[in-house]
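Each remark here refers to the structure printed beneath this line.
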Amino acid sequence: MVLECKEAFMTFKSEFLRTLEAREYIHQITDPAPLDEAASKGVVTAYIGFDATADSLHVGNLVGIMLLRRLQQAGGKPIVLMGGGTTKVGDPSGKDEMRQVLTDAQIKSNIESIKGIFKNYLRFDNSPTGALIVDNAEWLDSLGYISFLREVGRHFTINRMLTFDSVKLRLEREQPLTFLEFNYMIMQAYDFVELHKRYGCTLQMGGSDQWGNIVNGTELGRKLANAALHGLTSPLITTASGAKMGKTAAGAVWLKAERLSPYDYWQFWRNTEDADVGRFLRLFTDLPLDEIARLEKLPGNEINEAKKKLADEATKLCHGEAAAKEAAETARKTFEEGGVGENIPRVEISLKEAEEMTVADAVVKAGLAESKGKAKRLVEERGVKVNDELVMPGEKISQKVPLKGEFKLSVGKKHHALVKID
């Protein structure tokens, strides 16, 4: 039985599923009653997979990370499955193009870089609920292809695989889907079976775009190991205005400080739309629900206090309490005192560069826009300032400031950088 309407999730007895329901994580569950029963009686081991396509995860991965955190808080055992094997294939879900093929060395390097992110959210120890990090290359790399297809592939029909959104949407858009990618769902299903055999894992979680792959895994577990496996998905997160969450003018909102400073991460959450504050507090912080209910009802401009609390709590989880405090203080100095906080992003350009560089070029250089075209549009829309003075289309740095020292570069009211000409 599959449940996905909100009314169905009202009688859970396990702390885990009650928490997920109250904080709005649940989109679909394959077998709610048996999963709830298991979670109320003992330790449930669950996993979420993360492919290593970059050296950092981003905000789009954060719901999954928080799901694992909620599991551990409720007395379950989380498994972080790194896709050392599946990254070599590429998940077609939600993609119109084939992923760039990475070398084994690049994938290994990305995995090592990503591992540190989870230590901020999960507890890793030898206790029954201590989190594990596992790499599916451990079993996928050693599979003999023909024997794998004979043992596992025969349980998948092409007819059904063609009905999954990850495949169907790509074909409807007439985008190429390689046979390599087509195998991804078989490998993900096999991951679930292997994790059950090795670690007693009985639950796979993920975003709603993973539903077909997760169901495949539960069915394969029944066919190969007579195992009762479960699946749970969360809704894909968009903002109240319908935009995809986690994208800014400067690109993805990364979870590693080397990719995105704690100050910029704090600012991302501070810029949350009013209508999203309560939902994001429930999903992305550990604040008690009664406190969240109070914050999301703040009237008028007071809702900004809730946004600051969201930014503080989300940044504290990702980067630590000290970094969150520094980011908040930098923002206060920048916006309330009109100055430039110590932790505002800084960029250096040479005197030779500055002589011919347009302000739009500097916006890209400072990471305040992801492309020159975007930066030009921001200037044309009167959204860029140098030292708090409006920039006109085509203006060069030399037309705005002396070619020495530092100047403040601003995009909108809340994105700033300090540019040093050296």
Side-chain angles (χ1 to χ4, degrees), residues 16-17 19-21 23-30 35 44-74 76-84 86-87 90-91 93-95 110-111 113-124 131-136 166 184-185 188-189 191-192 195 199 201-215 217-218 229-238 244-247 252-256 259 265 268-269 279-280 282-286 314 317-318:
F16 174 52
L17 290 183
T19 297
L20 294 196
E21 180 197 8
R23 289 186 175 265
E24 301 176 25
Y25 287 99
I26 299 176
H27 180 63
Q28 294 168 300
I29 306 178
T30 53
L35 177 59
V44 168
T45 300
Y47 90 95
I48 297 179
F50 301 87
D51 280 345
T53 54
D55 61 3
S56 173
L57 300 178
H58 50 74
V59 162
N61 302 114
L62 199 50
V63 170
I65 296 172
M66 293 301 293
L67 275 171
L68 293 174
R69 181 176 176 87
R70 301 302 182 210
L71 174 76
Q72 191 171 52
Q73 289 172 334
K77 185 179 185 66
I79 296 178
V80 176
L81 181 66
M82 298 306 307
T86 43
T87 302
D91 181 3
S93 300
K95 304 291 188 300
N110 287 345
I111 288 174
S113 179
I114 289 170
K115 282 181 179 179
I117 294 172
F118 294 99
K119 294 176 182 177
N120 298 322
Y121 293 90
L122 301 173
R123 186 187 75 256
F124 292 87
L132 295 175
I133 295 181
V134 180
D135 185 347
N136 63 15
S166 58
Y184 188 96
M185 63 182 73
Q188 182 172 332
D191 283 344
F192 200 175
L195 288 171
Y199 303 102
C201 182
T202 56
L203 172 63
Q204 180 182 176
M205 301 185 290
S208 59
D209 61 334
Q210 293 295 312
W211 179 248
N213 291 345
I214 290 173
V215 169
T218 63
L229 304 182
H230 309 286
L232 183 152
T233 63
S234 58
L236 294 182
I237 306 300
T238 58
K244 186 176 181 180
M245 187 193 171
K247 289 289 185 179
V253 181
W254 299 101
L255 302 184
K256 286 185 70 71
R259 282 279 202 139
Y265 190 77
F268 166 76
W269 294 106
R279 182 165 57 116
F280 287 0
R282 283 185 284 276
L283 289 170
F284 302 116
T285 80
D286 285 342
L317 280 175
C318 187

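Just so you know, these numbers come straight off a predicted model, no measurement behind them. Quick note: residue numbers are just sequence positions, from 1.
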For the pair T87 and T53, evaluate side-chain contact (heavy atoms from CB on, under 4.5 Å) and give the outcome as yes or no after the intermediate values.
CA-CA 7 Å; T87 302; T53 54; 4.2 Å; yes

Who are the ring pair (Phe, Tyr, Trp, His ring centres under 6.0 Å) partners of F280, not counting sequence neighbours?
F284

Does any non-hydrogen side-chain atom of K115 lie less than 4.5 Å from one of V80?
no

Please identify each residue that fulfils salt bridge (Lys or Arg N to Asp or Glu O under 4.0 Å) with D286, with sequence neighbours left out.
R69, R70

Closest approach of L229 and F192, non-hydrogen atoms and distance?
CB-CZ, 3.7 Å

To the nearest 0.5 Å, atom CG of L203 lies from atom CG of L71 at 7.0 Å

Rounded to the nearest 0.5 Å, what separates atom CH2 in W269 from atom OG1 in T285?
9.5 Å

Tell me, do V44 and F16 make a side-chain contact under 4.5 Å, heavy atoms counted?
no

Within this structure, what is the OH-CG distance for the pair Y25 and L232, rounded to the nearest 0.5 Å?
12.0 Å

Distance-minimising heavy-atom pair for S234 and H27
C-CB, 3.6 Å

Applying salt bridge (Lys or Arg N to Asp or Glu O under 4.0 Å), name anything that partners K119, two or more places apart in sequence or on another chain.
none

If you round to the nearest 0.5 Å, how far is CE of M66 from CG of L283?
8.0 Å

Does T233 reach the main-chain N or O of W211 with its side chain, forming a donor-acceptor pair under 3.5 Å?
no

With rounding to the nearest 0.5 Å, note down the distance linking CD1 in I26 to OG1 in T19.
9.5 Å

Ring pair (Phe, Tyr, Trp, His ring centres under 6.0 Å) with F50: which residues, sequence neighbours excluded?
F118

For R282, enumerate each residue passing the salt bridge (Lys or Arg N to Asp or Glu O under 4.0 Å) test, keeping only those at least two apart in sequence or located in another chain.
E24, E296

Tell me every residue that passes side-chain contact (heavy atoms from CB on, under 4.5 Å) with C318, counting only those two or more places apart in sequence or in another chain.
Y121, L255, Y265

With no hydrogens and no angle check, just 3.5 Å: does a side-chain donor-acceptor pair link Q204 and Q210?
no

Grab the two heavy atoms, one from A54 and one from I114, that are nearest each other, plus how far apart they are.
O-CD1, 3.3 Å

Please find the pair of heavy atoms, one from Y47 and one from Q188, that lie closest to each other, and give the distance.
OH-O, 3.7 Å

Could you tell me which non-hydrogen atom of Q72 sits nearest to which non-hydrogen atom of A131, and how far apart they are?
NE2-N, 3.4 Å

Would you check if H58 and V253 make a side-chain contact, meaning some heavy-atom pair closer than 4.5 Å?
no

For the atom pair NE2 (H230) and OG1 (T202), what is the distance rounded to the nearest 0.5 Å?
5.5 Å

Minimum heavy-atom separation for D135 and G83, please, with both atom names.
OD1-C, 4.2 Å

Sole candidate of T86, N136, N61, N110 that passes side chain to side chain donor-acceptor pair (under 3.5 Å) when paired with D51
T86

